[in-house]
Visitor: 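Take this structure first; my questions come after.
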Amino acid sequence: MSLTEKPAETPERLAFYDKINAGNCNALWTVFADIITPEPKSACQPHCWRYAPLREWLLEAGELITAKEAERRVLILENPGLRGQSRITTSLYAGLQLVLPGEVAPAHRHSQSALRFVIDGDGAYTAVEGERTLMSFGDFVITPPWAWHDHGNQSDQPMIWLDGLDIPLASFFDASFAEPGAADTQAQTRPTGDSLARYGANMLPVDFEPRELASPIFNYPYERSREALEALKRQQEWDPCHGLKLRYVNPADGGFAMPTISAFLQLLPQGMRTRAYRSTDATVFVSTEGHGRTTIDGKTFDWGPRDIFVAPSWKWIEHEADDEAVLFSYSDRVAQQKLGFWREQRGDA
Ligand code: 1HN
């Protein structure tokens with residue numbers, strides 16, 4: 001017996017398996033190599049969704065159903081290896097949401113954590129626990145577990161963002177709860193900008209004691225994150241695998257912004273080819289600026305602004321930027337780190 005080889009079957013053994021199977025038992029040595037693999041084995045595949053056709057389909061969906069009737073008018077990005085399961089990776093969900101001018105996506109709450117990454121349009125709002133934030137291109141917005149949230153578009157343009165949720169994780173634990181709001185739109189109990197002023201200025205209210213798992217900041221504006229990358233790029237301290245990569249942080253504890261999902265923003269200078277990198281957190285990338293290509297497990301995907309691509313767990317990733325490029329990304333890294341599963345590896349120079 002080894003880790004990867006199964007013992008040979010004999011008629012006596014097969015008869016024994018049949019007998020115990022009828023009693024809801026199974027012999028570990030017949031499945032060991034399938035369930036304890038020496039390296040991650042995933043049905044998740046590398047894939048890229050170009051934005052242009054997604055935008056057309058979303059606008060078409062906008063003529064078929066309202067945001068209110070749909071609850072959320074979203075096209076799910078399904079990993080080609082996980083069709084029919086509403087997943088972009090084994091543990092995470094991704095979808096593109098459209099809110100048209102004048103529309104409201106009604107208030108509700110659920111156990112799943114959500115992030116929004118704004119891709120198109122400007123000026124729609126998300127309200128979280130009574131505070132509205134106006135959203136612009138590249139903003140990273142979070143909805144903590146069990147937080148009331150609704151969206152509305154009072155601008156004159158369609159608003160499209162990427163939703164990232166930990167839906168498959170919640171399903172895995174059989175821990176999904178959801179509740180509709182009493183009204184479509186939450187009453188505004190705090191002025192816009194309140195949480196960013198309290199928690200987003202590298203300061204905290206003097207007697208603040210964190211009681212939630214998620215960050216008290218719920219909009220990380222692109223303007224600020226991009227400005228940090230812009231200032232840092234002058235140092236020319238490129239990480240060979242990541243270029244210049246920052247993570248979105250919970251100011252209350254220095255951890256990630258959400259309990260189950262990690263998010264990042266990185267800059268690749270013009271002409272950079274990154275050294276191969278792999279980690280156990282399958283990762284969803286969105287390009288916000290620039291053009292390039294990424295090779296994942298030997299498959300190369302060209303991308304430009306607003307394109308979305310996914311890298312499965314433990315597959316080698318190499319980026320190449322034709323012009324200066326910025327990538328947003330999210331994964332379940334924080335969850336894996338808390339549970340002791342996370343690993344990474346850098347390729348040879
Ligand atoms: C949800 O609440 C939103 O609030 C978006 O915008 C997508 C997908 C599944 C379940 C809940 C939102 C969602 C979702």
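Start at 1 and go down the list; that is how both ligands and their atoms are numbered. Fair warning: this is a prediction, and the values are worked out from it, not measured in the lab.
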Visitor: Considering non-hydrogen atoms of the protein only, which is the closest contact for atom 13 (C) of ligand 1, and what is the distance?
Guide: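 Answer, as residue, atom name and distance: Leu165 CD1, 3.9 Å.
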Visitor: Give the numbers and elements of all ligand 1 atoms closer than 4.0 Å to a heavy atom of His151.
Guide: 4 (O), 6 (O), 12 (C)
Visitor: Distance to 0.1 Å, residue and atom name: give those for the protein heavy atom nearest to atom 12 (C) of ligand 1.
Guide: Arg72 NE, 2.8 Å
Visitor: Quick one: which of Arg116, Glu71, His110 has a heavy atom closest to atom 3 (C) of ligand 1?
Guide: Arg116
Visitor: Can you figure out which of Val128, Ile167, Leu162 has its heavy atom closest to atom 10 (C) of ligand 1?
Guide: Ile167
Visitor: Is the closest heavy-atom distance from Gln112 to ligand 1 below 4.0 Å?
Guide: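 Heavy atoms of Gln112 never come under 4.0 Å of ligand 1.
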Visitor: Do His319 and Phe285 have ring centroids that are under 6.0 Å from one another?
Guide: yes
Visitor: Taking all non-hydrogen atoms of both residues into account, name the closest pair between Leu58 and Leu96 and its distance.
Guide: CD2-O, 3.5 Å
Visitor: Would you mind checking which non-hydrogen protein atom is closest to atom 5 (C) of ligand 1, with the distance to 0.1 Å?
Guide: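 Ranked first by proximity to atom 5 (C) of ligand 1 is Asp163 OD2, 3.3 Å.
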Visitor: State yes or no: are the ring centers of Phe328 and Phe117 separated by less than 6.0 Å?
Guide: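 Ring centroids of Phe328 and Phe117 are less than 6.0 Å from each other.
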Visitor: Going by the atom numbers of ligand 1, which of them fall below 4.0 Å from some non-hydrogen atom of Gln97?
Guide: 5 (C), 6 (O), 12 (C)
Visitor: So that I know where these two stand, are Phe256 and Phe264 an aromatic pair - ring centroids less than 6.0 Å apart?
Guide: yes
Visitor: If you measure from the Lys or Arg side-chain nitrogens to the Asp or Glu carboxylate oxygens, is any gap between Asp34 and Lys41 under 4.0 Å?
Guide: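 Judged by the 4.0 Å cut-off on N to carboxylate O distance, Asp34 and Lys41 do not form a salt bridge.
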Visitor: Taking a hydrophobic cluster as the set of Ile, Leu, Val, Met, Phe, Trp and Tyr residues connected by side-chain heavy atoms closer than 4.5 Å, whether directly or through intermediates, do Val334 and Val141 fall within one such cluster?
Guide: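 No, Val334 does not connect to Val141 through the hydrophobic network.
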